Number of protein chains: 2
Amino acid sequence: MPGRHSARSRRATERKGDLRERAILDTCEALLTHKGYDAMTVGDIAQGAGITRGALYFYFGSKQEVVTALVARTVEHLWERSRVTAQTDEPRQAIAAAMQRTVELWNEHGPVMRTAIDLSLTVPEIGELWKHTADLFIAAITAVLERAGIQAGAAPDQASAMARALCWMIERTFYHASQESREKLQEASATCEHIWLTSAGLIT
Amino acid sequence: MPGRHSARSRRATERKGDLRERAILDTCEALLTHKGYDAMTVGDIAQGAGITRGALYFYFGSKQEVVTALVARTVEHLWERSRVTAQTDEPRQAIAAAMQRTVELWNEHGPVMRTAIDLSLTVPEIGELWKHTADLFIAAITAVLERAGIQAGAAPDQASAMARALCWMIERTFYHASQESREKLQEASATCEHIWLTSAGLIT
DNA sequence: GCAAAAGTCTACACCGTGTCGATTTTTATC
DNA sequence: GATAAAAATCGACACGGTGTAGACTTTTGC
């Protein structure tokens, strides 16, 4: 990896490499969508980006690094959005907003999200990224539950543990539904929202 | 694959190959536990089973087939157990029993379960196996929800859709908790049970 | 215009997979 | 307990994907 991290910020003219790098990640996302992680080869990515394998290794040290960068790019999107929308006070509205944001992200980047989940065990870097994302979510859900009157605490029937389970429910449900269709995803979202509301005691 | 499927049934003396086959699957499970799927090589499995790579390919056509067989073996266990315990009528008892069974299975075979989930996208055979297992679960949960008064139907706030989401919640929560410790798994189970009960309207 | 940095390419060595044909061991039968 | 068929085992090979190395070309900054 050359000086990628943050060199971009104070640079007027964009380096050729920045172009390429984006091309690589875009190609990677396309391939992930149409072939899946295992079938996708480093040669495929390079070819799609208009360079040879050798050149690609100038930008990324391995296939895993490429995917990690792609996941990072995608997930950073999410972090920003969640920082913006976090101020809603009314529980019902907060829940609806959070679910809507999540549906959008999965509609736009479903394959990347699924790959991130699949690899978060085997690729530590991705595991970290995903864990952080999940933690943001869990914290948000916990806050809503507590505001709705669920007792704070980590016992099995208290806010924090429940939030964790609800987070995994949403993750997994979206994972499956996003493979089917946008409609299924929307329905799945509604179901998760309903269970969330029920668990929060906001629906009898 | 030689004539493996069900030849075992009407055979008094066990073939040498049956021994080996079990040794292969046992080794595979051990390796899955200690190295994980990616790091585990066909040579490793063969060595652990006391044969060479070449010999292993007499039993299984590929690494994936070995794992598929292992998953099948593990999951069949589950199917039997669930058939036995399915008769409980009282919702609260049925839920508790189901969760207990599931905890036991994950305690005994956590790594296999996790691998099955990881591979169910990429290995169609495993996908089928897992889907079938999930369907059994979802049907069971649906039945409990309906008996508890949730309206039958597939709309987002009706029994069948809710059961699906609850199933994924349990799967994912167990997936993570089983990596930590038996205690965590037990707690996670309690949390899932609580949310299930709440969703069923059995807890205010 | 010119050096240094950035980018690109081809060739190579390595490792894991799956196949093949030859060979040995086990099993059933007389 | 001899024997032929079936079952099991082995070593060697070809293939494909990965990652590295070194030479070469283009771009950038002064």
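Below, read A as the first sequence line, B as the second, and so on, with proteins coming before strands; counting in each chain starts at 1. If you're wondering where the values come from, they're calculated on a predicted model, not measured in any experiment.
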Visitor: Measure from the side chain of S62(A), starting at C-beta and using heavy atoms only, and say which of dG19(D), dG7(C), dT17(C) lies closest.
Guide: dG19(D)
Visitor: So does Y57(B) get a side-chain nitrogen or oxygen closer than 4.0 Å to the phosphate oxygens (OP1/OP2) of dA8(D)?
Guide: no
Visitor: Quickly work out the D38(A) CG to dG16(C) C1' distance and round it to whole Å.
Guide: 14 Å
Visitor: Using the salt bridge (charged side-chain N to carboxylate O under 4.0 Å, His left out) criterion, which residues pair with E29(B)? Sequence neighbours excluded.
Guide: R73(B)
Visitor: Measure the distance from CG on L19(B) to P on dA8(D) and round it to the nearest whole Å.
Guide: 10 Å
Visitor: Which whole-number value in Å describes the distance from Q47(A) CD to dT10(C) P?
Guide: 13 Å
Visitor: Please report, rounded to the nearest Å, how far the P atom of dA7(D) is from the CD atom of E21(B).
Guide: 13 Å
Visitor: Please tabulate, for side-chain N and O atoms in residues 130-139 of chain A, each donor-acceptor pair with protein atoms closer than 3.5 Å (sequence neighbours left out).
Guide:
from	atom 1	to	atom 2	distance (Å)
W130(A)	NE1	E171(A)	OE1	3.0
K131(A)	NZ	D135(A)	OD2	3.0
T133(A)	OG1	W79(A)	NE1	3.2
T133(A)	OG1	L129(A)	O	2.8

Visitor: With the side chain of T52(A) defined as its heavy atoms from C-beta on, choose the nearest nucleotide among dT17(C), dA6(C), dT10(C).
Guide: dT10(C)
Visitor: Atom CE of M40(B) to atom P of dC15(C): distance rounded to whole Å?
Guide: 20 Å
Visitor: Does T41(B) make a side-chain N or O approach to OP1 or OP2 of dT17(C) shorter than 4.0 Å?
Guide: yes
Visitor: Work out which heavy atom in P111(A) is nearest to a heavy atom in T33(A); give both atom names and the distance.
Guide: CG-OG1, 3.5 Å
Visitor: To the nearest Å, how far apart are Y59(A) OH and dA6(C) C1'?
Guide: 8 Å
Visitor: Considering only dT8(C), dT9(D), dT17(C), which nucleotide approaches the side chain of K63(B) most closely?
Guide: dT17(C)
Visitor: So, for A190(B) and P156(A), which heavy atoms are closest and what is the spacing to 0.1 Å?
Guide: CB-CB, 3.6 Å
Visitor: May I have the distance from F58(B) (atom CZ) to dC20(C) (atom P), rounded to whole angstrom?
Guide: 15 Å
Visitor: Any N or O donor-acceptor pair under 3.5 Å from the base of dG19(D) to the side chain of R53(A)?
Guide: yes
Visitor: Round to a whole Å and report the spacing from CG of D44(B) to P of dC15(C).
Guide: 14 Å
Visitor: Any idea which of dG19(D), dA7(D), dG16(C) is nearest the V42(A) side chain?
Guide: dG19(D)
Visitor: If you check the I51(A) side chain, which of dC10(D), dG16(C), dC9(C) turns out closest?
Guide: dC9(C)
Visitor: Going by atom types alone, do R101(B) and S82(B) pair a side-chain donor with an acceptor below 3.5 Å?
Guide: no
